[in-house]
Amino acid sequence: MKSVVFRDTEKLEIIETKLQNLKDDELIIEVANCGVCGTDFHIFNGHSYAKQNTILGHEFAGTIITKGIDCNGFEIGDNIAVDPNIYCGKCDYCKVGKIHFCENHKALGVTEDGGFAEYVIVPVSQAYKLPKEFPLSQAAFAEPLSCCIRGIDQAEIKHGDSVIIVGGGTIGLLMLQLAKLAGASKIIVIELNDLKHKYALELGADYTLSPDKINLLFDINKITKGGADKVIECVGSTDAVTLSIQLIKRGGTVVIFGLAPEGKSVQLNLQDAFKKELTIKTSFLNPFTFGRAIELLINRKVVVGSIPVTQIGFDSFKEIFSTSYKRNTLKYQFTNKLKETL
Ligand SMILES: [Zn+2]
Ligand SMILES: [Zn+2]
């Protein structure tokens, strides 16, 4: 089968590979769609870890074509979305329910073969069944949405809170919908690219502002009466985190959601932080949130149909992952059937 293999930093290969032998508790999935994530680009650039010689792709959905004998509840032909994060269940962290800190954590598309391929082997524990009519291209958003749910849980939004989302990319657009569902009274999206403001407004943002606006802090103070109760940073950069801390109200919470390149740090004004009783949280992976993500998607409480997605086949990987390529879309999604659209 065709697959996209990570060899080393800045080295991806599109090659023929063979599936491993199927175990009793595993399924073979024909991949329909697999999102290209910021993490995939970080892996390619050497800023995030992946095991060498692994097939990348961790945001995928597809159809079961073969099943092991210990896969009760799943049938050939079922459509599923896949939680790529696999926990051991045996280490100290797993035993206290902090599975995302698992000492033996594995992830499909990072340490095990993932979804940028025609087929992928998936442990049945990672499979979530989908209604037949639900589009698989939308189901491929379940993984990023499940991570966003973790981020929203960390923010602990109360009804009536003002919320700022820093970054209006795919993650920002998912976060803003979750913030709305969580009861935010005002949602402000801060995004450099004017074109993305339109999508944020369509999906429920009350205000969109550019971070390079001269009066940004003044405007935010006016809209929120002294800063937002919650700020969710969805960029993964020093500038975005620094800005997030500036925009928070006294007693507020900043959630750093974006993954910054390794080695980046921010300066924190300790007196400001002290006087604000500032809470800074981060959000890591998607512990116990995948099923909730599926429910929100299939019940159309979070909509991804209006997020512009560029479908790509195997042929486009080289171009998109070249260091000089200027990415100009919100989301790339690998598809085995280029004809399928959102
Ligand atoms: Zn991802
Ligand atoms: Zn563990």
Side-chain angles (χ1 to χ4, degrees), residues 4 6 12 31 33-45 47-51 54-62 81-117 120 122-123 125-126 128 137-152 167 169-175 178 232-236 256-262 282-290 293-294 297 302 304 307 309-310 312 317 320-321 327 329-335:
V4 181
F6 171 71
L12 285 188
V31 178
N33 299 88
C34 182
V36 181
C37 172
T39 304
D40 295 316
F41 291 113
H42 280 316
I43 290 169
F44 177 76
N45 293 326
H47 294 145
S48 189
Y49 173 78
K51 198 160 108 190
T54 302
I55 299 171
L56 296 184
H58 58 268
E59 303 179 355
F60 59 96
V82 177
D83 180 357
N85 292 303
I86 303 168
Y87 309 109
C88 77
K90 296 171 193 154
C91 72
D92 287 349
Y93 286 114
C94 281
K95 281 182 174 165
V96 295
K98 296 180 178 175
I99 54 172
H100 51 315
F101 301 138
C102 175
E103 285 165 355
N104 307 301
H105 170 249
K106 295 180 191 169
L108 302 170
V110 182
T111 63
E112 317 296 312
D113 286 342
F116 293 149
V120 55
V122 171
S125 58
Q126 308 310 115
Y128 288 76
S137 50
Q138 296 190 18
F141 280 88
E143 194 277 342
L145 181 60
S146 69
C147 295
C148 289
I149 293 173
R150 173 68 182 173
I152 280 287
T170 307
I171 294 296
L173 296 178
L174 295 175
M175 282 294 192
L178 292 173
I232 303 171
E233 185 276 337
C234 305
V235 178
I256 301 172
F257 185 85
L259 171 64
E262 228 172 292
T282 60
S283 174
F284 185 54
L285 303 182
N286 58 351
F288 305 114
T289 56
F290 205 89
I294 299 276
L297 287 172
V302 168
V304 294
I307 296 175
V309 170
T310 304
I312 61 165
F317 274 92
I320 287 164
F321 278 84
R327 293 189 280 273
T329 186
L330 243 71
K331 185 79 179 170
Y332 290 102
Q333 195 177 69
F334 162 72
T335 175

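Every number for a ligand or one of its atoms is a count from 1 in the order of the listing.
In plain terms, the two heavy atoms of C147 and S283 that are nearest each other are O-OG, 4.0 Å. Between K95 and K90, the shortest heavy-atom distance links the atoms CE-O, 3.4 Å. Contact detail for G114 and V120: the closest heavy-atom pair is O-CG2, 3.4 Å. What you find for P84 and F290 is that their closest heavy atoms are CD-CE1, 4.4 Å.
Residues H105 and N85 bring a donor and an acceptor atom of their side chains to less than 3.5 Å of each other.
Between V36 and the options L56, V309, I312, T310, a side-chain contact (heavy atoms from CB on, under 4.5 Å) holds for only I312.
Protein atoms of type N/O/S that fall under 2.8 Å from the Zn ion (ligand 2) number 4 in this view.
Relative orientation of the F101 and F284 rings is parallel, given thresholds of 30° and 60° on the angle between their planes.
Listed by chain and residue number, nothing satisfies the ring-ring contact (aromatic ring centres under 6.0 Å, His included) test with Y332 (two or more places apart in sequence, or in another chain). Partners of F334 under the ring-ring contact (aromatic ring centres under 6.0 Å, His included) rule, at least two apart in sequence or in another chain, are F314, F317.
Closer than 2.8 Å to the Zn ion (ligand 1) sit the protein N, O or S atoms C37 SG, H58 NE2, E59 OE2.
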